[in-house]
Amino acid sequence: MKGSLIILGFFLSGVLLGRLDIIPRADQAGDLASWALYMLLFVVGMGIGFDTRSFRILRELHVKVALVPLFVGIGTLGGSLAAWALLGDMPLRDVLGVGAGFGYYSLSSIMITKMGDAALGSMALIANISRELVTLLSAPLLVRLFGGLAPVMSGGATSMDTSLPIIARYAGERYGIIAVFSGMVLTVAVPILVTAIFTWM
């Protein structure tokens with residue numbers, strides 16, 4: 001939770017600086033966001049490349065485990081469709097784009113800001129931070145009601161990092177391994193899906 005609060009604090013500081021019209025100006029902020037996005041993609045790639053566990057896990061896990069991130073994606077986008085039906089006044093592309101963040105608030109919010117608009121990027125940040133917070137706070141209840149896979153599914157991309165300790169604690173080490181695999185796949189899927197949604201819809 002501490003990490004999420006720090007991210008939220010930086011976001012609110014940026015909003016305050018923008019409202020006070022101090023620095024940077026809007027066009028400079030756009031350039032900074034682009035470079036931040038490139039850096040994030042580079043660091044994500046390095047993280048996956050350095051993590052030798054991820055490749056070992058791929059070899060060792062049963063084929064059914066590969067369905068976990070697939071169903072997380074289907075469930076998330078299905079939930080986004082339901083939200084779109086209820087909201088009505090938002091474009092489907094925007095709702096699906098926010099959902100396609102899968103909890104990865106830092107990367108998805110910057111990408112959506114660049115391809116959509118700043119307000120939608122802020123919505124993506126809040127929605128994806130909320131997903132992580134719900135997972136962290138409700139993991140014990142999710143395991144008790146729905147089983148060990150529930151917090152893995154709820155955490156989305158965060159199940160490989162910030163949500164992993166609480167998943168391993170309440171669901172067990174076996175589900176922790178599944179969480180790493182699922183989170184890794186979803187982390188790779190975020191830039192691909194978000195780009196595809198905002199390019200083709």
Side-chain angles (χ1 to χ4, degrees), residues 1-48 72-73 75-137 154-163 183 186-201:
M1 265 180 85
K2 183 181 177 184
S4 298
L5 293 175
I6 290 170
I7 294 291
L8 189 59
F10 273 103
F11 169 70
L12 294 174
S13 300
V15 171
L16 182 63
L17 284 174
R19 292 296 296 167
L20 294 175
D21 199 25
I22 300 174
I23 51 165
R25 297 293 303 171
D27 54 342
Q28 296 169 328
D31 292 339
L32 287 174
S34 293
W35 283 107
L37 174 60
Y38 302 147
M39 194 63 194
L40 269 171
L41 289 169
F42 178 71
V43 171
V44 168
M46 279 181 51
I48 291 170
V72 172
T76 300
L77 296 177
S80 299
L81 279 171
W84 173 73
L86 290 173
L87 295 171
D89 58 344
M90 283 189 71
L92 178 60
R93 182 197 73 167
D94 293 354
V95 177
L96 288 177
V98 170
F102 299 126
Y104 196 169
Y105 46 79
S106 53
L107 180 60
S108 64
S109 59
I110 292 174
M111 290 186 73
I112 290 169
T113 297
K114 291 297 294 177
M115 290 183 282
D117 58 62
L120 192 62
S122 300
M123 186 182 298
L125 177 70
I126 293 167
N128 287 299
I129 284 180
S130 298
R131 180 172 187 162
E132 179 186 354
L133 290 174
V134 165
T135 302
L136 292 173
L137 296 173
S154 172
T158 70
S159 62
M160 72 178 284
D161 44 55
T162 53
S163 301
L186 292 167
T187 297
V188 171
V190 168
I192 297 168
L193 270 178
V194 171
T195 302
I197 287 168
F198 281 93
T199 301
W200 302 107
M201 290 188 73

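The model shown is predicted, which means the values in this text are computed figures rather than measured ones.
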To the nearest 0.5 angstrom, please state how far the CG atom of Leu77 sits from the CG atom of Leu193. 6.5 Å

Could you give me the CA-CA distance, side-chain angles and deciding distance for Leu92 and Leu81, then say whether side-chain contact (heavy atoms from CB on, under 4.5 Å) is met? CA-CA 8 Å; Leu92 178 60; Leu81 279 171; 3.5 Å; yes

Can you tell me how far the CG atom of Asp94 sits from the OG atom of Ser80, to the nearest 0.5 Å? 11.5 Å

I want to check something: taking the side chain as every heavy atom from C-beta on, are Asn128 and Thr158 in contact at a cut-off of under 4.5 Å? no

Can you tell if the side chain of Met123 reaches within under 4.5 Å of the side chain of Leu120, non-hydrogen atoms only? yes

Nearest heavy-atom approach of Val190 to Ser108 is CG1-CB, 4.1 Å

Mind listing the closest non-hydrogen atom pair of Val72 and Arg131 along with its distance? CG1-NH2, 3.6 Å

Close side-chain approach of Thr187 and Tyr104, heavy atoms under 4.5 Å: yes

Can you spot which of Ser130, Ser154, Ser159 makes a side-chain hydrogen bond (donor to acceptor under 3.5 Å, both in side chains) with Thr135? Ser154

Would you check if Trp84 and Leu96 make a side-chain contact, meaning some heavy-atom pair closer than 4.5 Å? no

How far apart are the closest heavy atoms of Gly121 and Ile112, and which atoms are they? N-CG2, 3.8 Å

Nearest atoms (heavy-atom pairs only) where Thr113 meets Ala118: CG2-CA, 3.9 Å

Between Leu186 and Gly156, the two heavy atoms sitting closest are CD1-C, 3.5 Å

Can you check whether Ser163 reaches Leu136 side chain to side chain, under 4.5 Å on heavy atoms? yes

Taking the side chain as C-beta and beyond, is there a heavy-atom pair between Met111 and Phe198 under 4.5 Å? no

